[in-house]
K.L.:
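Have a look at this one before I ask anything.
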Amino acid sequence: MGLYVLKFGGTSVGSIKRIENVAEIVAERRKQHQVVVVLSAMSGETDALLEMAKNYSFEPHARELDVLLTTGEQKSVALCCICLHSKGIAAKSFLGSQIPIRTTDDFTRARISEIPTEKLRASLERGEIVVVPGFQGVTDGADLTTLGRGGSDTTAVALAAALKADLCDIYTDVDGVYTTDPNVEPKARRLSQITYDEMLESASLGAKVLQTRSVEFAKKYRVPVRVLSTFKKGPGTWVVEESKMMESLVVSGITYTKNEAKVIVEGMKDRVGIAADLFGLIGEAGIGVDVIVQNVSKDGTTDISFTVPRSDLRRTLETLQKAQGLLQFGQVRGDDRISKVSVIGNGMRSHSGVAAQTFKALAKENINIQMISTSEIKISCVVDEKYTELAVRILHESFKLDQIEPKEVNDFRS
Ligand code: ADP
Ligand code: ASP
Ligand code: MG
């Protein structure tokens, strides 16, 4: 008998009928194994709760927002347990605060710090299916917290790590991790396997199929993760260590994100320490900076452009305007109509030419690259937002990702 963590996303529990379908999948697995189930809120529920709060305030108090948002997942687990009981199957729900899933007190984006497993193990030993709401935790001071959008993935992988489960299955509305978002490019292909590092880059650069934090947990604790469909049977995609990969693709995926904005600081005096001063101020304001470009200095002045989360653009501009005297720049502007398109692949570590091919493919379609950033396994280009989908599709085609044949792989269960 093994121990499995099964996570079901919002669409998978999106209606009474769908929760019943989940109960059937879970009950089937329970015949041979111990099972911990992690559930999201029903699809649209978290957005609807956020909208309700916005009736009163554009920036609702984060602690109260978390009290509100945790109700979505709470509803799903209660309904799932009631459904399992109606089929004569033993199941028990445990809220984040009951386990307790301990987190930091960064409301709406808390990080898990500890998960004691005694209560869950005792329940499993009693033969019960353990049902846990994703996305939620509790601080040492007993305040409710949430883990950021998509956080149920992180709950599932963290529970799998804490319980030393054999596998964490992420059930969703697509049958695996694809070469790009299959809802943008119908020619996207399912990958049979992907490394933790590739998945980390993909998640943080826009592939929302797994939350970035969940992949960090999986990598750190070596949790085997499989992404598969709730609605159709299939082998899914294994997310595994590089050493276990059968083969590395040079490029395995294209991602995009539209949640950044560009800040352009023009006519800055080009003196030693100017970048330190500028980014020091942004850092003190708690704003994360991503791509940075500094132009060649002309007549003793230079321009610096960088990207920040779109939700922080207004605050970034205000912070810089207040510091115009100290930083001695001409003007500062913001542009929130940009997107970042990225080419990702483990094989880039040993192959050259991917950057050139990326730039050539974009140039051929007359797509101007505004900024570039690279790591060992990715190349990101900031482009005009209106070209996002086109850029994704032409890069997908240029790297022949539509021709990948998924080779089904061995079972990576520990
Ligand atoms: P869930 O509600 O199950 O957590 P999400 O909506 O968070 O599901 O994630 C699944 C969605 O991620 C898919 O419907 C798909 O549109 C999107 N997605 C983006 N990039 C990828 C990718 N590379 N592979 C698979 N799905 C992707
Ligand atoms: N319900 C939360 C969200 O919509 C968490 C999740 O589904 O993973 O972001
Ligand atoms: Mg999700």
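Everything numeric in this text was worked out from a predicted model, so none of it was measured. In listed order, ligands and their atoms are each counted from 1.
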K.L.:
Need the ligand 1 atom indices (1-based, order shown) with element for anything under 4.0 Å from a heavy-atom of Asp173.
P.N.:
10 (C), 11 (C), 13 (C), 14 (O)
K.L.:
Pair Lys340, Glu260 - check salt bridge (Lys or Arg N to Asp or Glu O under 4.0 Å), show working.
P.N.:
CA-CA 8 Å; Lys340 191 168 67 182; Glu260 286 179 39; 2.8 Å; yes
K.L.:
From the options Lys322, Arg314, Arg315, select the one residue that forms a salt bridge (Lys or Arg N to Asp or Glu O under 4.0 Å) with Glu318.
P.N.:
Arg314
K.L.:
Got the closest protein heavy atom to atom 16 (O) of ligand 1, with its distance?
P.N.:
Asn183 ND2, 2.6 Å
K.L.:
For the pair Glu198 and Lys378, find out whether any cationic side-chain nitrogen is under 4.0 Å from an anionic carboxylate oxygen.
P.N.:
no
K.L.:
Below 3.5 Å, N or O to N or O, backbone or side chain included: is there any such pair between Lys7 and ligand 1?
P.N.:
yes
K.L.:
When you look for heavy atoms under 4.0 Å from ligand 1, do you find them on the side chain of Thr180, its backbone, both, or neither?
P.N.:
backbone
K.L.:
Among all protein heavy atoms in this structure, tell me which lies nearest to atom 3 (C) of ligand 2, with the distance rounded to 0.1 Å.
P.N.:
Arg149 NE, 3.4 Å
K.L.:
If the contact criterion is a heavy-atom separation under 4.0 Å, does Gly151 count as touching ligand 2?
P.N.:
yes
K.L.:
Taking the side chain as every heavy atom from C-beta outward, state whether Asn21 and Ile25 have any atom pair closer than 4.5 Å.
P.N.:
yes
K.L.:
Classify the contact between Gln211 and ligand 2 as side chain, backbone, both or neither, using a heavy-atom distance cut-off of under 4.0 Å.
P.N.:
neither
K.L.:
Quick one: nearest non-hydrogen protein atom to atom 7 (O) of ligand 1, plus distance?
P.N.:
Lys208 O, 3.5 Å
K.L.:
Quick check on Gly72 - does any of its heavy atoms sit under 4.0 Å from an atom of ligand 2?
P.N.:
no
K.L.:
Starting from atom 15 (C) of ligand 1, locate the nearest protein heavy atom and write down its residue, its atom name and how far away it is, to 0.1 Å.
P.N.:
Asp181 OD1, 3.4 Å
K.L.:
Under 3.5 Å, N or O to N or O, is Phe135 touching ligand 2 that way?
P.N.:
no
K.L.:
For ligand 2, is there an N or O atom under 3.5 Å from any N or O atom of Ser40?
P.N.:
yes
K.L.:
Might you point out which heavy atoms bring Ser339 and Lys258 nearest each other, and give the distance in Å?
P.N.:
CB-CG, 4.0 Å
K.L.:
Looking only at distances, can you tell me whether any N or O atom of Ser40, backbone or side chain, sits closer than 3.5 Å to an N or O atom of ligand 1?
P.N.:
no
K.L.:
Would you say Arg29 has more than 12 foreign heavy atoms packed within less than 6.0 Å of its CZ?
P.N.:
yes
K.L.:
List the closest protein heavy-atom neighbour of atom 2 (O) of ligand 1: residue, atom name, distance to the nearest 0.1 Å.
P.N.:
Gly10 N, 3.1 Å
K.L.:
Could you establish whether Gly176 and ligand 1 come within less than 4.0 Å of each other, counting only heavy atoms on the residue side?
P.N.:
yes
K.L.:
Which atoms of ligand 2 are found less than 4.0 Å from any heavy atom of Ser152?
P.N.:
5 (C), 6 (C), 7 (O), 8 (O)
K.L.:
Can you find an N/O atom of Thr179 closer than 3.5 Å to an N/O atom of ligand 1?
P.N.:
no
K.L.:
Establish, from distance only, whether the side-chain atoms of Asn259 and Thr257 form a donor-acceptor pair under 3.5 Å.
P.N.:
yes
K.L.:
Any non-hydrogen side-chain atom of Tyr171 less than 4.5 Å from a side-chain atom of Leu228?
P.N.:
yes
K.L.:
Below 4.5 Å, heavy atoms only, C-beta onward: do Thr145 and Gln136 meet side chain to side chain?
P.N.:
no
K.L.:
How does Thr172 reach ligand 1, by side chain, by backbone, by both or by neither, if only non-hydrogen atoms under 4.0 Å count?
P.N.:
both
K.L.:
Please could you name the atoms of ligand 1 that Val177 approaches to less than 4.0 Å, counting only its heavy atoms?
P.N.:
24 (N)
K.L.:
Going by an N to O cut-off under 4.0 Å, is there a salt bridge joining Glu385 and Arg337?
P.N.:
no
K.L.:
Does any N or O atom in Tyr178 lie less than 3.5 angstrom from one in ligand 1, N or O only?
P.N.:
yes
K.L.:
Looking at every non-hydrogen atom in both residues, tell me the closest pair between Leu395 and Ala361 and how far apart they are.
P.N.:
CD2-CB, 4.0 Å
K.L.:
Out of Thr180, Val343, Val251, which residue meets the side chain to side chain contact (heavy atoms under 4.5 Å, CB included) rule with His396?
P.N.:
Thr180
K.L.:
Could you check whether any side-chain heavy atom of Glu125 comes within less than 4.5 Å of a side-chain heavy atom of Gln34, counting everything from C-beta outward?
P.N.:
yes
K.L.:
Under a 4.0 angstrom heavy-atom cut-off, which atoms of ligand 1 come close to Pro182?
P.N.:
25 (C), 26 (N), 27 (C)
K.L.:
Does Asp153 reach ligand 2 with a nitrogen or oxygen that is under 3.5 Å from one of the ligand's nitrogen or oxygen atoms?
P.N.:
no
